[in-house]
Amino acid sequence: MYKVSAVAELAGHEDRAWAVAWNKAKSTLASCSADKSVRLYSYSSTSDGDLKFVPVTSIPTGHTKTVRSIAWSPSGETLATGSFDSNIGIWEQEDGGEWECMTILEGHETECKGVAYSSTGTLLASCSRDKTVWVWEVHPDSDFECLGVLMEHTQDVKCVAWHPTEEILASGSYDDTIKLYIDDPTEDWYCFATLGGHSSTVWSLAWSPDGKYLASASDDKTVRIWKRVEEFKWETVLAISAHDRTVYSVSWGVGKPEGGEDSLGWLATAGGDGSVKIWELKEPEMAEKTAPPEHRLIATLPSAHGVHDVNSVAWCPRTGMEDIFATTGDDGATRIWRVTTE
């Protein structure tokens, strides 16, 4: 059996903390908030194997409304912020150590809800309450070109997530659906699949580390697992009744499972009931394309942020730290946790 232990509680924002993001290339953690700021922390391992977090800076951002989402580029040199003021900020660290806004991406008509870099760092996706998903191409010197404005959803788009190895983009919406997009070399980005099954808003998406599955978290209190059964066809193969209230966030990491090569990693879910749950998933024993992965609940963290909702959960992507995850909540705090065997 496993248990979840507290590692650190980081200085809280002055208002609701919406999201947390690990920098894979560097030992840095970022959080964003309704107080319009981004906080950065550096972390390192101590001699006894514990983690030490040190505040680096607080970026005021200049956004005029809530900073709802953040995303690191794969290089770790650039941070994107998505704000309710409809704009996206692109941040880089100057030689003097200060983080500067290199450019502002404008185009969304209202609240930007999500930002995400592709695995190569050459593309940035954003989504908005204006029902659109934008795909931006990243050029040198913080120059960005809009490659497409995707208008497939009929309601507020809550989240975007890139496939870990392919240029496939997923988006989740208030219209209860998930859209999958690819680039047509002869034309533009287009939606090649619509995944329906949730009965309420899709709040969060996470690809499995191997890219064969996609997890979605919903206001219907479930997490659905979608499997690629053909090149352009994905089907729901598992629905997990995960929480007593809305599931706001899902993160899929490699984990440190006790199982063998059939492991699909650990899935963390968090939501309005204040809890975080950790699920271990494995490849199905059956050979059928639509066979669901085996899953079991291995740990539960009740009241992760006291009486407050948990808005975001994210596994640490660094090698050797696969059992570490971070959460943010309505209390403004960012908390660090470790999953260990009892």
Side-chain angles (χ1 to χ4, degrees), residues 24 69 71-75 78 80 82 88 105 107-108 112-139 143-198 201-218 224-238 250-252 264-265 289-290 293 317:
K24 186 176 182 179
S69 58
W72 290 103
S73 65
S75 68
T78 304
I88 300 157
L105 304 182
H108 285 297
C112 179
K113 295 293 182 71
V115 288
Y117 276 98
S118 65
S119 61
T120 60
T122 58
L123 298 169
L124 176 73
S126 61
C127 64
S128 168
R129 188 179 177 184
D130 66 12
K131 309 175 188 177
T132 68
V133 172
W134 289 49
V135 178
W136 309 81
E137 186 172 31
V138 183
H139 296 291
D143 186 25
F144 287 73
E145 177 187 358
C146 178
L147 298 181
V149 178
L150 306 169
M151 298 181 285
E152 299 292 331
H153 286 291
T154 60
Q155 298 291 335
D156 181 353
V157 189
K158 297 291 188 182
C159 55
V160 282
W162 289 98
H163 188 280
T165 58
E166 302 176 50
E167 288 187 350
I168 300 175
L169 177 65
S171 63
S173 170
Y174 191 82
D175 66 13
D176 310 344
T177 70
I178 299 157
K179 305 283 185 178
L180 299 180
Y181 314 88
I182 56 173
D183 183 23
D184 183 341
T186 63
E187 295 183 20
D188 297 314
W189 283 81
Y190 72 99
C191 175
F192 72 87
T194 298
L195 310 183
H198 283 296
T201 303
V202 178
W203 277 94
S204 178
L205 297 166
W207 296 92
S208 63
D210 63 8
K212 296 179 181 178
Y213 297 86
L214 174 68
S216 55
S218 172
R224 284 183 176 264
I225 307 297
W226 309 83
K227 185 177 183 180
R228 190 184 214 161
V229 295
E230 295 177 12
E231 183 179 3
F232 296 110
K233 186 177 182 181
W234 294 72
E235 291 188 7
T236 180
V237 292
L238 179 64
V250 60
S251 179
W252 202 328
L264 291 170
K289 286 185 177 180
T290 56

query = Given the rule in the side-chain contact (heavy atoms from CB on, under 4.5 Å) test, do Y117 and V138 qualify, once you have shown the distances and angles that lead to the verdict?
reply = CA-CA 9 Å; Y117 276 98; V138 183; 4.1 Å; yes

So do [Y] and [X] actually touch side chain to side chain, heavy atoms under 4.5 Å?
X	Y	result
F192	I168	yes
E152	Y181	yes
T132	V157	no
E145	H139	yes
H198	S216	yes
E167	T122	yes
H108	S126	yes
L238	P293	yes

Could you state the interatomic distance from [atom1] ([X]) to [atom2] ([Y]), rounded to the nearest 0.5 Å?
X	Y	atom1	atom2	result
W234	I225	CH2	CD1	11.5 Å
L264	D210	CG	CG	5.5 Å
S251	L205	OG	CG	12.0 Å
L147	L123	CG	CG	6.5 Å
S118	E137	OG	CD	10.0 Å
S69	K158	OG	NZ	12.0 Å

Carboxylate-amine/guanidinium proximity below 4.0 Å for [X] and [Y]:
X	Y	value
E235	R224	no
E231	K233	no
D156	K131	no

ask   = Within a reach of under 6.0 Å around CZ of R228, are more than 12 heavy atoms found that belong to other residues, nucleotides or ligands?
value =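 Enclosed.
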
request  = Decide if atom OH of Y174 counts as having more than 12 heavy atoms of other residues, nucleotides or ligands within a radius under 6.0 Å.
outcome  = no

inquiry  = Working note: L214 + L180, criterion side-chain contact (heavy atoms from CB on, under 4.5 Å); need CA distance, chi angles, decisive distance, verdict.
reply    = CA-CA 11 Å; L214 174 68; L180 299 180; 4.2 Å; yes

message = Checking K227 against T290 for the side-chain contact (heavy atoms from CB on, under 4.5 Å) test, could you report, in this order, the C-alpha distance in whole Å, the side-chain angles of both residues, the deciding distance, and whether it holds?
response = CA-CA 7 Å; K227 185 177 183 180; T290 56; over 6 Å; no

ask   = Without hydrogens or angle criteria, can the side chains of S171 and K179 be said to hold a donor-acceptor pair below 3.5 Å?
value = no

task = Indicate whether any N or O donor in one side chain lies under 3.5 Å from an N or O acceptor in the other, for W203 and S218.
result = no

task = Quickly, which of I178, T236, V202 forms a side chain to side chain contact (heavy atoms under 4.5 Å, CB included) with L195? Name it, please.
result =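 Exactly one candidate clears the test, I178.
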
query = So, W226 versus W252, ring centres under 6.0 angstrom or not?
reply =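 No; W252 has its ring centre 6.0 Å or more from that of W226.
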
query = Is there a side chain to side chain donor-acceptor pair (under 3.5 Å) between S119 and H163 once you walk through the steps?
reply = CA-CA 8 Å; S119 61; H163 188 280; over 6 Å; no

inquiry  = Parallel, tilted or perpendicular, judged at 30° and 60°: which one describes the rings of W136 and W134?
reply    = parallel

So, for [X] and [Y], which heavy atoms are closest and what is the spacing to 0.1 Å?
X	Y	value
C127	C159	SG-N, 3.5 Å
F232	A193	O-CB, 4.3 Å
L105	F144	CD2-CB, 3.6 Å
P164	S208	CG-O, 3.7 Å

query = Ignoring hydrogens and geometry, is there a side-chain-to-backbone donor-acceptor pair from S173 to D176 under 3.5 Å?
reply = no

request  = Decide side-chain contact (heavy atoms from CB on, under 4.5 Å) for W189 and V133; before the verdict, give the C-alpha distance in whole Å, the side-chain angles of both, and the deciding distance to 0.1 Å.
outcome  = CA-CA 11 Å; W189 283 81; V133 172; over 6 Å; no

